[in-house]
4 protein chains.
Amino acid sequence: MGHAALETLQGFLVGLDARMKRAHKRGRVAHYIPQLASVDVHQFGISVCLASGERLSAGDAATPFSIQSISKVFSLAIALGRHGDRLWKRVGKEPSNYTFNSVIELEQEGGKPRNPFVNAGALVTTDAMLDAPDAGGGLDRLMDFVRTAAGDDRISIDEQVAASEYRTAYRNFSLAYFLRSCGNLHMECERLLQIYCRQCAITMNCEQLASAGRFLAGFDSAAHLLNPAQARSINALMLLAGHYDGSGDFAYSVGFPGKSGVGGGILAVVPGHASIAVWSPGLNAFGNSLLGTRALQELSEFTGWSVF
Amino acid sequence: MGHAALETLQGFLVGLDARMKRAHKRGRVAHYIPQLASVDVHQFGISVCLASGERLSAGDAATPFSIQSISKVFSLAIALGRHGDRLWKRVGKEPSNYTFNSVIELEQEGGKPRNPFVNAGALVTTDAMLDAPDAGGGLDRLMDFVRTAAGDDRISIDEQVAASEYRTAYRNFSLAYFLRSCGNLHMECERLLQIYCRQCAITMNCEQLASAGRFLAGFDSAAHLLNPAQARSINALMLLAGHYDGSGDFAYSVGFPGKSGVGGGILAVVPGHASIAVWSPGLNAFGNSLLGTRALQELSEFTGWSVF
Amino acid sequence: MGHAALETLQGFLVGLDARMKRAHKRGRVAHYIPQLASVDVHQFGISVCLASGERLSAGDAATPFSIQSISKVFSLAIALGRHGDRLWKRVGKEPSNYTFNSVIELEQEGGKPRNPFVNAGALVTTDAMLDAPDAGGGLDRLMDFVRTAAGDDRISIDEQVAASEYRTAYRNFSLAYFLRSCGNLHMECERLLQIYCRQCAITMNCEQLASAGRFLAGFDSAAHLLNPAQARSINALMLLAGHYDGSGDFAYSVGFPGKSGVGGGILAVVPGHASIAVWSPGLNAFGNSLLGTRALQELSEFTGWSVF
Amino acid sequence: MGHAALETLQGFLVGLDARMKRAHKRGRVAHYIPQLASVDVHQFGISVCLASGERLSAGDAATPFSIQSISKVFSLAIALGRHGDRLWKRVGKEPSNYTFNSVIELEQEGGKPRNPFVNAGALVTTDAMLDAPDAGGGLDRLMDFVRTAAGDDRISIDEQVAASEYRTAYRNFSLAYFLRSCGNLHMECERLLQIYCRQCAITMNCEQLASAGRFLAGFDSAAHLLNPAQARSINALMLLAGHYDGSGDFAYSVGFPGKSGVGGGILAVVPGHASIAVWSPGLNAFGNSLLGTRALQELSEFTGWSVF
């Protein structure tokens, strides 16, 4: 991207931030975790990493937030890198009709989650990410990956959020025990849930998250983290299933892959062009960031970055 | 029942035992618990307690077996006696389309089990049976009830069976955590499952079980255990849902209420006439005792005890 | 029943009628058919046929109403009499979790309806009731049966109701075509639906309906209509599935078999004792007569006629 | 694309045809329509229209086949062009867990099909494609669209195939009546199904079909048929739901949008680069052309045309 184009894009992001800051309809902050419920809904931030190496940001791009389900992308990357296509024996790669924590779907599918982005599927990929049932440093590997991908060693876990989620993780325990009853979990449920809740409690800001997503955008510099074909596969899955029951709507209106988290963040990927992180804590009816989705839609229209 | 009629019935039971002992098709013994899997499939016993006070038996009526899901009848009796119709806010009284351990149904019903005889419903009644979340003697109450009902203090729990079931109770844990996520369990899941697995591991023989069922048959002597209207309610529920997905078939072919257990026992009730226990460890496709069901069908035809 | 007992029962019925006439909460009249929607909700009638041959009535027992789904009992009786247990290859005898016109359940069961009282099952029994795909007089046979059972040749079909239902029978057409796609219907869907809608539009009053139900109560005089074992089978199915998703509640609170219709009628059977018809057009949340159900519950408590 | 690149691609296609012709595992030809069941499974053809205007073909690219569900793309284009985003009130844009002709899903969604590519959704878009309930020339509009898009007036309907499908369209009738019961169809079911079956029976060869898909690939020459944003929307939906329960697998392994038909054809779109038609009549387990899918996967790897 040339200098003039960069300036134009930066101008657009600044205007976008201003529009989002003024928006009346902002969605509702997730309320089931005290630490998330108290986040100020008026915040908005965006950061864009380009193939050329530049990063453009606007708004609260340096404010940390809980990445929550966005972490599923990183655990999937590690599990896929480790196991290759054998991973798909344990988890599907098809979209889902049901809510992210549905046991109905898991029972209908005989204990094989539909994809790695519903909670059951993420539990399986987290289980698969680890070397062995007695792996000591399950989360070390994930933290290493994320820090390397982002190029930032300061990324850490909010242990208060993790502990708070673990205390009320009844539904995830139900999913984990169901998987275990089908032989599709190797670890003990308690230990897996502890790791899973800590993984969801990783804290990043938009700048760090956009950087961490570059390995999915096909930039040369990221090839050591995951081979390009596997990165493309993850993008395909994000497009199909990255936004829960709003995945079709996101694909339709934004047109490139993304994965949302209940903390209000979205990691989006424009293959060959950009890795984008956007954050605004208010959620829409599907549990995805309301203004984050809207911002990505405007960005897609402005740049023509739809893959379709 | 007069003396001659008693003799006729005794003769029928002896012949029934002989026919069942000779049967070629005996079903398959439950295999998921080592202690159940090793039971000899060739056994058969039956015991009938009559309103007049007599008890008639034939076959292996004195051989102990694991009552398993038949225990759900006793925990329901205690919970219903304690809470009355308020119990039905936590568990339904409708039949079920799904297998006894289905989470699909539980999620569809928003965490309220369809009836007290599917596993999820039994977990709720066991939870409700206890006085308070910190009740020390959860199972004492149940053992007292069963021993009093049977008039036999020797009834006990097979702790090996209980421990074995607890170790692989993943699916029941999944159900319990789902209930807990919906606010429909007061106890901690681990503690509840320990009690539940011990409850299922109660060991009785046909003579004891038939005696223990008298309070459901409306015999005057049993009115102190449960009021007659509530006993009738339990009978209605047993008819609707006492044999999993074979309940309709049982109602159709036998014609009076019964509750089966995976150990091969069936407790059946002919209101006003008889409390019956039958046992043969081989199971049919629905998980109910194959020869036990057949024996009750022949008994129903012989006596005309169908309630229809 | 002795003379005094008869007088006592008659007195109870008169009082029952008075209480029901005064009830404030009466439910809502079915609204999807103009002819049903215009029925006066304040009506109530009851009629009881006893084993001794007497008939006792109270209230609007001579006022005709549309029997609707109660007709499923008669078509089942004919189909079962004709085909015997072979009928159960085409339709199940298990209760249902779903609403009476659910296609979900039908698809889950691979085109075999759960029982003859959900709409899909009734379509199959009506199909099976007829001699041959080109039978001219499908409904003649049913009308003969009903008139003979009731001992009343004046029973007829309200052709306006039938035509009105046929015009909006989209959901039943959907069920019929699904059955047809599974090879579980022999007739053309249009023709079957015409017969089915006319069958539902049979008009009877409580006196006629109570009389027509005697063949299910095991009275000697009715044995030529259906053999007693098959009558008992129908009673069992009515108990399990006669009141849609309120079947468990009905079994629990009333305690004997019954089949309701959306016109507000209920045919109930006390094996060996009574055939009962009750009618009040207001429906409860399950689509069963609200006051009819309540009246049967009071009658059950007064007489002790619960089979449990 | 330069001359050398064109020659390289043409060489690849010729080699691809040779490999596909030799393949042992070819899938099974659809058997439920006599005219499809008799097609020779050994055929394979491919045709690629490029942004530069060239068309490259190999194999049986001039052999006509029944496009079947691929026609859903064209009826959607017309309906979307006519109604714009109002169309999404009647049909969703989310992927589906269930088979293409499932009524379960339709009932769960309250009569609003999940997307325009399951049969129920296609029935709605065909209904919406027509001007008015009494439109005389429903299919004229579609035929005009297809012929214009392909630039070929000879494209026609195989009336024998249409008649054959209509005769056994029981499941589609079930879906149509369900939609009608929910008020989501304006036309009479019979008339709609006649049009729908004729639409599915359109006959094209790979060359015609690849040409007809150019309006989705964003080539300038096609903008008069549908505005580019709507074309992109259709591409997004094809990626999400164009291959039934194999959509995720297709997105994952091929990486660009496509819509399959049970006749063995696939129309695939590489936005900005190519419109592709491939055909081989043998189907895989999901009902999509086995060799067609494999050929597109190889083409994607060769060209790097994955959108991810």
Side-chain angles (χ1 to χ4, degrees), chain B residues 80 85 87-88 91-98 102 104-105 108-109 114-118 121 216-218 228-257 269-273 286 297 300-301 304-308, chain C residues 80 85 87-88 91-98 102 104-105 108-109 114-118 121 216-218 228-257 269-273 286 297 300-301 304-308:
Chain B
L80 189 58
D85 281 351
L87 180 65
W88 308 121
V91 57
K93 43 188 191 291
E94 293 300 327
S96 161
N97 273 15
Y98 288 88
S102 171
I104 290 180
E105 184 168 273
Q108 285 178 344
E109 304 282 338
R114 291 277 295 183
N115 64 62
F117 297 141
V118 291
L216 294 170
Q230 291 179 324
R232 281 196 295 274
S233 306
I234 292 177
N235 291 337
L237 289 171
M238 284 200 289
L239 194 87
L240 288 161
H243 283 75
Y244 311 123
D245 214 33
S247 296
D249 203 62
F250 189 88
Y252 184 93
S253 63
V254 174
F256 46 76
V269 176
V270 187
H273 291 90
F286 299 119
Q297 189 176 347
S300 175
E301 283 164 12
W305 278 346
S306 165
V307 301
F308 302 112
Chain C
L80 189 58
D85 280 351
L87 181 65
W88 308 121
V91 58
K93 43 188 191 289
E94 294 299 326
S96 161
N97 274 14
Y98 289 87
S102 170
I104 290 178
E105 185 168 272
Q108 284 178 343
E109 305 282 338
R114 291 277 294 182
N115 64 62
F117 297 141
V118 292
L216 294 170
Q230 291 178 324
R232 281 197 295 275
S233 306
I234 293 178
N235 292 337
L237 289 171
M238 284 201 288
L239 194 87
L240 288 162
H243 283 76
Y244 311 124
D245 214 33
S247 296
D249 203 62
F250 189 88
Y252 185 92
S253 63
V254 174
F256 47 75
V269 174
V270 187
H273 291 91
F286 299 118
Q297 188 176 350
S300 175
E301 285 165 10
W305 278 345
S306 166
V307 299
F308 302 111

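Reminder, nothing fancy here: chain letters follow the sequence lines and each chain counts from 1.
Contacts of C:I234 with chain B are absent, with no heavy-atom separation under 4.5 Å from either backbone or side chain. Proximity to chain B involves both the backbone and the side chain of C:S233, based on heavy atoms less than 4.5 angstrom apart. Heavy atoms of B:L216 lying under 4.5 Å from chain C are absent altogether.
A distance-only check finds no donor-acceptor pair linking the side chain of C:Q297 to the backbone of C:V254 [under 3.5 Å].
For chain B, the option among C:A251, C:A217, C:P271, C:G255 with the highest count of heavy-atom pairs below 4.5 Å is C:P271. The candidate with the highest count of non-hydrogen atom pairs below 4.5 Å against chain B, out of C:A231, C:G246, C:G92, C:G218, is C:G246. If you tally non-hydrogen atom pairs under 4.5 Å between each of C:L237, C:N97, C:N235, C:D249 and chain B, the highest count goes to C:N97.
Applying the salt bridge (charged side-chain N to carboxylate O under 4.0 Å, His left out) test to every pair with at least one member in residues 235-248 of chain C, sequence neighbours left out, gives these pairs: B:R114-C:D245.
Once rounded to the nearest 0.5 Å, the distance linking CZ of C:F256 with CH2 of C:W305 reads 7.5 Å.
Residues passing the side chain to side chain contact (heavy atoms under 4.5 Å, CB included) test with B:Q108, sequence neighbours excluded: A:I104, B:Y98, B:I104, C:Y98.
Between the side chains of C:E105 and C:S96, a donor-acceptor pair is found at a separation under 3.5 Å.
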